[in-house]
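Nothing here was measured: the structure is a model prediction, and the numbers come from that model.
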Amino acid sequence: MRLMYRNGYVREGLWAPAKPLRDHGLLEARISATVEALLAISRLRPRPTSGAARSIRELQAIVMAQGERWRAKTIAFWGLSELQTWLSSEEQEEIAKHFHNFIFNLSLPEGGEIKGFFVNRAVGGYKHYISYNPELLIATTALNFIRTGLLGEDVLHRVCPILADVTKQLLSTGVFRSQHNEATHFWEYYHAMLLLDRFCSPDFPHHFLNGEIMYIKPTFFHNKNIQPDDSLCAILMPFGAEWSDDLFAVYRNAVESAGFVAWRSDLEWGDHEIMQRIWEYINKARFVIADCTGRNPNVFYELGIAHTLGKRVFICTQSRTDIPFDIQHITSYVYSPYPNGIAKLQDALGKFMLSVTS
């Protein structure tokens, strides 16, 4: 097979430039041609040729380089995730680690430049060319690394909005397209179907979400790109009650003794909207403590957010009557604010935190 390409050619499925990828102009075009050629030859050969191995090393250098163009990295990451059988386990782990950092430093999926298409007009001429929707490539790359056990639940949650958007549009219209340029529709549809194929494959580890996925798209809360923090505990409780500071000190000491970081919304000062900040921290938290003493309406509003997000919550109160009928079926702990009762509260909270980490 020999496919002509500007300033080079593809022979036996391998893009063969005259000099290294970075020395060319049109970096994204060179990378996409290389990736497509490597994917073609990988279908025919169990191991890479020497030339293919050299091209893979160049792709690795691009994804690990500081300051490289994000679209170039997106295509290179996708290609390497598709070629994992050609990589050593150490190489796979290193690339997955860099990809994890890459996607959490991008504004995904609603932030500006990540929406930008890349069109490679150099392959096939002006009217017939390959185009890439970066969101779809990033989501497919994520699923490829999750599928091989190199990335986990936080990345899956990160790309769930993209999966939901693709699924919704395919179910409603039968096709997927994000813009009105007809020339890109074929490749968008192709990569959308490739994404769903990866997610629906029998060997994909759906156990991350216990077989269920629920996509939440709030209308009030703005930040939807939140990275989980496994060391964080969000504490929901009244501020003004005379007992609240003493009890917060109890919770904070217990949480920090177990190796976590305690957060309460009044610990921060700034111009931000307080509920936006609470939303972010409940999202980030590994678990939540909700003290319902006094039936504070803010606490119950925030508790509802925590339950909707699937957070583990330690519900406690000084009086059983503070727990309304709607949530009485959920395990809660009634404590006494006196020394003996505080010691028992600390013990119960310690057992709860142990269950969270086990």
Side-chain angles (χ1 to χ4, degrees), residues 153 157 160 164 209-224 226 228 232-255 258 260 262-267 273-358:
E153 183 176 355
H157 280 292
C160 269
L209 300 176
N210 298 319
E212 297 179 3
I213 289 179
M214 181 177 181
Y215 172 48
I216 300 172
K217 190 174 183 180
T219 56
F220 174 71
F221 299 115
H222 308 314
N223 191 353
K224 304 176 183 67
I226 301 170
L232 182 67
C233 166
I235 299 177
L236 316 177
M237 62 185 302
F239 302 154
E242 60 180 19
W243 53 267
S244 61
D245 286 343
D246 291 338
L247 262 297
F248 176 65
V250 171
Y251 298 138
R252 189 174 196 171
N253 290 337
V255 166
F260 297 100
W263 177 87
R264 194 172 74 168
S265 59
D266 65 332
L267 296 178
E273 297 177 50
I274 186 63
M275 276 313 304
Q276 300 295 337
R277 206 69 176 147
I278 291 171
W279 157 258
E280 292 173 13
Y281 273 83
I282 293 176
N283 261 284
K284 290 167 63 175
R286 176 80 172 271
F287 63 96
V288 173
I289 297 172
D291 193 320
C292 299
T293 302
R295 288 200 171 193
N296 184 283
N298 293 336
V299 171
F300 282 100
Y301 180 78
E302 295 155 13
L303 175 60
I305 293 174
H307 279 161
T308 301
L309 293 172
K311 299 295 179 177
R312 295 284 302 276
V313 184
F314 180 81
I315 302 175
C316 58
T317 179
Q318 295 175 25
S319 172
R320 177 62 65 189
T321 59
D322 288 331
I323 303 297
F325 174 79
D326 288 359
I327 62 170
Q328 284 181 3
H329 65 286
I330 301 173
T331 300
S332 58
Y333 184 82
V334 180
Y335 69 91
S336 166
Y338 300 104
N340 187 49
I342 294 300
K344 292 180 180 179
L345 172 63
Q346 291 172 319
D347 182 62
L349 182 54
K351 292 178 180 177
F352 170 81
M353 290 188 289
L354 186 62
S355 72
V356 169
T357 57
S358 60

Side chain to side chain, Ile235 and Cys233, heavy atoms closer than 4.5 Å: yes
pair Leu236-Val313: side-chain heavy atoms closer than 4.5 Å: no
All ring pair (Phe, Tyr, Trp, His ring centres under 6.0 Å) counterparts of Phe248, not counting sequence neighbours: none
Within-4.5 Å side-chain heavy-atom neighbours: Arg312 and Arg286: no
Whether Thr293 side chain and Gln318 backbone form a donor-acceptor pair below 3.5 Å: yes
For Thr357, side chain to side chain donor-acceptor pair (under 3.5 Å) partners two or more places apart: none
Pairwise distance CZ(Phe221) to CD1(Ile282) - rounded to 0.5 angstrom: 7.5 Å
Non-hydrogen atoms of Arg264 and Ser244 that approach each other most closely: NH1-O, 3.9 Å
Any side-chain heavy-atom pair of Val255 and Trp263 under 4.5 Å: no
Enclosure of Phe220 CZ (heavy-atom neighbours >12, cutoff 6.0 Å): yes
For Thr219, all residues meeting side chain to side chain donor-acceptor pair (under 3.5 Å), sequence neighbours excluded: none
Donor-acceptor contact present, side-chain Gln328 to main-chain Ile323, <3.5 Å: yes
Value rounded to 0.5 Å, distance of CG in Leu267 from CZ in Arg252: 5.5 Å
Non-hydrogen side-chain atoms of Met353 and Ile289 separated by less than 4.5 Å: no
Test item: Lys311 side-chain N/O and Ala285 main-chain N/O as donor-acceptor pair under 3.5 Å: yes
Of all pairs that satisfy salt bridge (charged side-chain N to carboxylate O under 4.0 Å, His left out), the ones with a partner from residues 348-358, not counting sequence neighbours: Asp347-Lys351
Heavy-atom pair of closest approach, residues Asp322 and Gly294: OD2-N, 3.1 Å
Closest non-hydrogen atom pair, His222 against Gln276: N-OE1, 3.0 Å
Spacing of CD belonging to Gln346 relative to OH belonging to Tyr335, to within rounding of 0.5 Å: 12.0 Å
Partner residues of Phe287 under the ring pair (Phe, Tyr, Trp, His ring centres under 6.0 Å) criterion, sequence neighbours left out: Phe260, Phe352
Euclidean distance, Ile330 CD1 relative to Ile315 CD1, rounded to 0.5 Å: 5.0 Å
Non-hydrogen atoms of Ala234 and Tyr281 that approach each other most closely: CB-O, 4.2 Å
For the student: nearest non-hydrogen atoms of Thr321 and Ser319, plus distance: OG1-OG, 2.8 Å
Side-chain heavy-atom pair Tyr251, Met237 within 4.5 angstrom cut-off: yes
Non-hydrogen side-chain atoms of Met275 and Ile305 separated by less than 4.5 Å: yes
Distance-only polar pair, side chains of Arg295 and Thr317, donor-acceptor under 3.5 Å: no
Side-chain heavy-atom pair Asp266, Ile274 within 4.5 angstrom cut-off: no
Residues in salt bridge (Lys or Arg N to Asp or Glu O under 4.0 Å) contact with Glu280, at least two apart in sequence or another chain: Arg277
Interatomic spacing from CD1 in Ile342 to CG in Asp246 - rounded to 0.5 Å: 8.5 Å
